[in-house]
Structure formats: structure tokens, C-alpha cells
Participant: 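Structure in C-alpha cells, see below.
In what follows, chains carry the letters A, B, and so on, assigned in the order in which the sequence lines appear, proteins first and then strands, with residues in each chain numbered from 1.
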There are 2 protein chains.
Amino acid sequence: MANQLDSFFSALSDPTRRAVVERLVASGPQAVSDLHSAHDMALPTFLKHLKVLEAAGLVRSEKAGRVRTVHIEAAPMAEAEDWLSRQRRLWEGRLDRLDALVREMEKGSRQ
Amino acid sequence: MANQLDSFFSALSDPTRRAVVERLVASGPQAVSDLHSAHDMALPTFLKHLKVLEAAGLVRSEKAGRVRTVHIEAAPMAEAEDWLSRQRRLWEGRLDRLDALVREMEKGSRQ
DNA sequence: GCCATGATTAGCCGATTGGCTAACTTTTTT
DNA sequence: AAAAAAGTTAGCCAATCGGCTAATCATGGC
């Protein structure tokens, strides 16, 4: 995937993966099988989701013995949030200017 | 797509579609072919992207004569932004509690 | 009335996605 | 040493995605 935003948004477009992120944020680092236990799918399928999250940089993991522990990497989420809020601010700016224009026109037509 | 967030994030995971959103936010409503002119792909391909955006509720369009004009629908973007910022706040809250715990432990070990 | 313009529909194609099972490896536990 | 637990790898499958061309429809200008 070319852009960072591509893989971030794409990773978050799946409800299983958002649930994993939510759980890691809410309850801290978890083992793969603990995370898996909340989802009704085969483990290899679930592992693929984790790999997508890891490839997007949203999550990291370390293996100790036979247990792999996964934790959130919150920083990249800020990037997506920034994009969205930048668009929102631009959009609100447009509305303000439109507003001003309307007021200007009303003032003009008032005499 | 089941969830609203699914289709929002999925719609925004493509650079062409983000570019369309950016342009509509920055420059206001545009005709389909005006939007298309900025992208090096066949018109039917581009139309599919617009349909994805429209299905996600990020964009609306009206046809007048033979021209279809597309405009942004900013409200749904707030939903994705909210999800992200909620996660960030929860995450920061965890960090704060962790911080407090570390300070507590340091205080304990100090005598 | 005809032609150009703007958009749309239908259908093809290869790559990716999200699911599965089966088989295997590595580490603990007994 | 054997068995159980935790992951991992390989490979299959159907559905979706993002691209294309060709053909069609609808409207506007001449």
C-alpha cells in the first residue's frame, strides 16, 4: 500500500480489527490467544488480522517463550485523526466564508 | 458493509477517494467530469470511486441536465474522527494512570 | 434534426481480502 | 520422554476491488 494513510484507514475499516484496537487501548497488552478468544473465527484467520494491524503500524508484538504479546502503537492513529480534523476545519472555514458572503449580500440588499 | 465506520474508513483508504474529498472540501461542489479531470483513469473507473464515497455518505450529488454536481457531506467524517479521538483519549488516560503508578512505586521505594 | 458532450451501464480481468482446514514448530508441563 | 499449549505456515476458496473497453442514454448547441 503506497501511502501511510491508505494502510491505516484500510486496517481500521474492519470491525474485527477495530475491536482489537479498542481492546488493546482499553485493557493494555494481551497475548494473541487472549485477544483471539473474543472472536468467533479460526486462529489463523485472526492472525491475518493482527498482521494487517501490525503492517499498518497500529500494533506491535513481542514473543516470549511460546506466547506473543500484542500492544497498541497509538502514535500512527494521530495521523488519521489529523487528516480528518484538517478536512473538518477547512470545511468549517468554507462555511464561515459562505456565511460572511450571505451576510454581505443581505446588507447590500437592505437599502 | 455492516457498520457505518466500516464504509467510512474503507472509503477513505483509497488515495483517489481521499483526493476527491480534499478537493471538494477545499474548492466546493464540482461536476463529475471536473473532478475526473484531475485523475489519470477512465471515467467509469472514477465513477465507481464516487459511488463508494456516496454509499459511505461522505458525498452527495444532484444531476441537472446532463451534468451531475458532487458536494461533500462533512457530518459523517465527524463519526470517524470521534472514534479515533475516543481511542486516543482512552489511551492517554491509561498512560496517565501508568504514570501515577510509577510515581507511586518510586515514592514507596524512597525510604 | 444532428452531433458533441457528459454520464451511465455492462461486462471482463487480475489482485487482494477474509474466511477455512490441515499440518507443522516451538515451548511448557507432567 | 510424551503430551499439551501457543503460534505459525501453506494452501484452498469465494467475494470484492480497482482497473479497463465497448456500448448506450440523455441533454444541449448549432
Participant: Rounding to 10 degrees, work out the angle separating the end axes of the helix from C:dG1-D:dC30 to C:dT30-D:dA1 (five pairs an end).
Facilitator: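 Inter-axis angle at the termini of the helix from C:dG1-D:dC30 to C:dT30-D:dA1: 20°.
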Participant: Would you mind telling me which residue lines up with the more 5' stretch of DNA chain D, B:A64 or A:V67, judged by nearest nucleotide?
Facilitator: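 Going by which nucleotide is closer to the 5' end, it is A:V67.
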Participant: Measure from the side chain of B:L43, starting at C-beta and using heavy atoms only, and say which of C:dA7, D:dG18, D:dA6 lies closest.
Facilitator: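 Looking only at side-chain atoms, B:L43 lies closest to C:dA7.
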Participant: Over how many whole Å does the gap from A:F46 atom CZ to C:dC20 atom P extend?
Facilitator: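 The distance from CZ of A:F46 to P of C:dC20 comes to 12 Å, rounded to the nearest Å.
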Participant: Atom CD of A:E62 and atom P of C:dT27: how far apart are they, to the nearest Å?
Facilitator: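 Value for this atom pair: 16 Å.
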Participant: Find the distance B:L47:CG to D:dC20:P and express it as a whole number of Å.
Facilitator: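 The answer, rounded to whole Å, is 12 Å.
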Participant: I need the NE2-P distance between A:H36 and D:dG7, as an integer number of Å.
Facilitator: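 These atoms are roughly 11 Å apart.
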Participant: To the nearest angstrom, how far is B:L35 atom CG from C:dG6 atom C1'?
Facilitator: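 The distance from CG of B:L35 to C1' of C:dG6 comes to 13 Å, rounded to the nearest Å.
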Participant: Give a yes/no answer on whether the side chain of A:S33 brings an N or O atom under 4.0 Å of OP1 or OP2 in D:dG7.
Facilitator: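 For D:dG7, OP1/OP2 do have a side-chain N/O of A:S33 under 4.0 Å.
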Participant: Let's see if you can work this out: which of D:dG18, D:dG7, C:dA7 has an atom nearest to the side-chain heavy atoms of B:A31?
Facilitator: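 In terms of side-chain proximity for B:A31, the closest of D:dG18, D:dG7, C:dA7 is C:dA7.
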Participant: Could a donor-acceptor pair under 3.5 angstrom be found where the side chain of B:K48 meets the base of D:dG19?
Facilitator: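 Looking at the base of D:dG19, it does pair with a donor or acceptor on the side chain of B:K48 (distance under 3.5 Å).
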Participant: So do the side chains of A:F9 and B:D14 get within less than 4.5 Å of each other, counting heavy atoms only?
Facilitator: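 No, every pair of side-chain atoms sits at 4.5 Å or beyond.
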Participant: Which pair of non-hydrogen atoms, one from B:R88 and one from A:M77, has the smallest distance, and what is that distance?
Facilitator: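 Looking at all heavy atoms of both residues, the closest pair is N-CE, 4.2 Å.
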Participant: Is there a path of hydrophobic side-chain contacts, each under 4.5 Å between heavy atoms of I, L, V, M, F, W or Y residues, that connects B:L24 with B:V52?
Facilitator: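 No, B:L24 does not connect to B:V52 through the hydrophobic network.
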Participant: Could you tell me how far apart B:L53 (CG) and D:dG18 (C1') are, to the nearest whole angstrom?
Facilitator: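 One finds 14 Å between C1' of D:dG18 and CG of B:L53, rounded.
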Participant: Nearest to the B:H49 side chain among C:dA7, D:dG19, D:dT8, which nucleotide is it?
Facilitator: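 Nearest listed nucleotide: D:dG19.
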Participant: Under the side chain to side chain donor-acceptor pair (under 3.5 Å) rule, what pairs show up with a residue in residues 61-79 of chain A, not counting sequence neighbours?
Facilitator: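 Those involving residues 61-79 of chain A are A:E54-A:S61, A:R60-A:E73, A:S61-A:R68, A:E62-A:H71.
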Participant: Which heavy atom of A:F8 sits nearest to which heavy atom of A:L58, and what is that distance?
Facilitator: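 Closest approach of A:F8 to A:L58: O-CD1, 4.4 Å.
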Participant: Select from A:K63 and A:T16 the residue whose nearest nucleotide in DNA chain C is closer to the 5' end of that strand.
Facilitator: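 So the residue in question is A:T16.
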Participant: Checking B:R17 side chain against B:H49 main chain: does a donor-acceptor pair fall under 3.5 Å?
Facilitator: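 Here the side-chain-to-backbone pair does not exist.
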Participant: Would B:V59 end up clustered with B:V67 when hydrophobic side chains under 4.5 Å apart are linked, directly or stepwise?
Facilitator: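 No, no single cluster joins them.
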Participant: When you get a sec, tell me which of C:dT9, C:dG19, D:dA6 is the closest nucleotide to the side chain of A:M41?
Facilitator: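 Looking only at heavy atoms from C-beta outward on A:M41, the closest nucleotide is C:dG19.
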Participant: How close or far is atom C1' of C:dT16 from atom CZ of A:R17, stated in whole angstroms?
Facilitator: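 About 12 Å, once rounded to whole Å.
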Participant: Starting from P on D:dC17, measure out to CG on B:L50 and report it in whole angstrom.
Facilitator: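 Interatomic distance, CG of B:L50 to P of D:dC17: 16 Å.
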Participant: If every non-hydrogen atom of B:S7 is compared with every non-hydrogen atom of B:A56, which pair is closest and at what distance?
Facilitator: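 Nearest pair, atom of B:S7 first, then B:A56: O-CB, 3.6 Å.
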Participant: If you check the B:P44 side chain, which of D:dG18, C:dT21, D:dA22 turns out closest?
Facilitator: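 The listed nucleotide nearest to B:P44's side chain is D:dA22.
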Participant: Map A:R66 and A:T45 onto DNA chain C by nearest heavy atom, then report which one ends up closer to the 5' terminus.
Facilitator: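 The 5'-side residue here is A:T45.
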